[in-house]
2 protein chains.
Amino acid sequence: MGHKGEALRQRIIVAADLLFYQRGYENTSFSDIAKDVGISRGNFYYHFKTKDEILNAVIDTRVSDIEQMLNEWGKQYPDPRQRIQHYIDILTNNQENIKSHGCPIGSLCSELAKQNHALQQDANKMLTVLRDWLTVQLKELGLGKEARQTAMHLLARSQGIASITNAFEDKTFLQQEVKRLKQWLDEQIQ
Amino acid sequence: MGHKGEALRQRIIVAADLLFYQRGYENTSFSDIAKDVGISRGNFYYHFKTKDEILNAVIDTRVSDIEQMLNEWGKQYPDPRQRIQHYIDILTNNQENIKSHGCPIGSLCSELAKQNHALQQDANKMLTVLRDWLTVQLKELGLGKEARQTAMHLLARSQGIASITNAFEDKTFLQQEVKRLKQWLDEQIQ
DNA sequence: GTCTATATACGGATAGAC
DNA sequence: GTCTATCCGTATATAGAC
């Protein structure tokens, strides 16, 4: 494994990740990324041969970031209820970004879906990882086979909140909905 | 007002509307639209000078279509509860399209938001028309100043359902969520 | 490894013939 | 009004010098 090259590769992924989130995938050019990283377009192609290749790297990074986060929560919080509350809190913690750019997961998935992009299924993994984790937490809280459906309901609620917050640029709405969602969660598991 | 020209203009709008929904706005080219309508690209520019101009026309059409639909419901159904149920039924009635392309309103709004597009606010009007109409219906059902917030909650729920149905290509999920949403509606207004 | 220069394709938009 | 031909900018991607 190279060393200087690996570091640069990482910097490219981080820059691309942010730009894909802020402007969308199709709307981000190699020049945009290269400019942010401070390298030439030519150099760029040494590290990633195609645009799909860097999208793939970005998705992989996001998926493992999510997995790592969920893993941390598993160690830190003994109560599944607490863990799910932390999942909901992602909305509050990122309200400024959500207001400006929507949900990084949902917006990428829907963009790729619309283009019938080859990596759509890979992007969906960001969602399925969360769905499966939520399902496990809900089962630990006593839910039966309806746990998975409830997990998807939670996913959908989060996506809807992010979409409307973004469209209306309304953080107050996000805060109200988070409160409502937590209330709903309490009702599910008593 | 011309006659033959007006008809063609309409055909262009209908074709563009569909393509923007299926592929997204940026991802749809003049060639795509012209090909679907069966005219040359040059002719296209006789009717619409810029791409934004046709987007504007598509948005206007969609907004007045929505307004007309809500108006119809107002005449047809005396009970506001029934009207809101019809709003929810949009999801079921369009489940095949939603599965394949998401929500035509939400996906356009989020695409334009991501591009900081000049017409983002115009596109948002599709949402605000629905929000304001839902607010009126809820007020008629006895809700006070929380009606508007509840209307936005309904909007967000719908958007979330469409997003997840699209990502997972899962119509069963849509049907389950519609049931859940109607149940929730009943609880709000007893 | 990183650069500059360039090939190639495509999209929006215009000019002008019919 | 509708067409063909063309301009121009930009994007992905490659070649090759350093």
J.: Salt bridge check: are R180(A) and E177(A) linked by an N-O gap of less than 4.0 Å?
T.: yes
J.: Rounded to the nearest angstrom, tell me the gap between atom CZ in F44(B) and atom P in dT2(D).
T.: 13 Å
J.: Starting at CD1 of I54(B) and ending at P of dA13(C), how long is that distance when rounded to a whole Å?
T.: 11 Å
J.: Tell me whether the side-chain N/O atoms of Y46(A) come closer than 4.0 Å to OP1 or OP2 in dT2(C).
T.: no
J.: When all nucleic acid strands are considered with a 4.0 Å heavy-atom cut-off, which category describes S40(A): base, sugar-phosphate, or nothing?
T.: base
J.: As a test of reading the structure: which of dT2(C), dT12(D), dC3(D) is closest to the side chain of I39(B), going by heavy atoms?
T.: dC3(D)
J.: Please compare D32(A) and G42(A) by the position of their nearest nucleotide in DNA chain D and report the one closer to 5'.
T.: D32(A)
J.: From NZ of K51(A) over to P of dT14(D), roughly how many Å is that when rounded to an integer?
T.: 15 Å
J.: So do E140(A) and R83(A) actually touch side chain to side chain, heavy atoms under 4.5 Å?
T.: yes
J.: Applying a 4.0 Å non-hydrogen cut-off, can you work out what Y45(A) is touching in the nucleic acid: base, sugar-phosphate, or nothing?
T.: base
J.: Grab the CZ-C1' distance between R41(B) and dT6(D) for me, whole Å please.
T.: 10 Å
J.: Are any of N43(A)'s side-chain N or O atoms less than 4.0 Å away from OP1 or OP2 of dG1(C)?
T.: no
J.: Less than 4.5 Å apart, side chain to side chain, heavy atoms only: is that true for R23(A) and Q115(B)?
T.: no
J.: Nearest-Å distance, CZ (R9(B)) to P (dT2(D))?
T.: 13 Å
J.: Between F48(A) (CZ) and dA11(D) (P), how many Å, whole number?
T.: 20 Å
J.: Mind calculating the distance between CZ (R11(A)) and P (dG1(C)) to the nearest angstrom?
T.: 15 Å
J.: Can you label the angle between the F30(A) ring and the Y45(A) ring as parallel, tilted or perpendicular, going by 30° and 60°?
T.: perpendicular
J.: If you draw the axis of the six-membered ring of F20(B), does the NZ or CZ of R62(B) fall within 45° of it and under 6.0 Å from the ring centre?
T.: no
J.: Without decimals, in angstroms, what is the distance between L55(B) CG and dG12(C) P?
T.: 12 Å
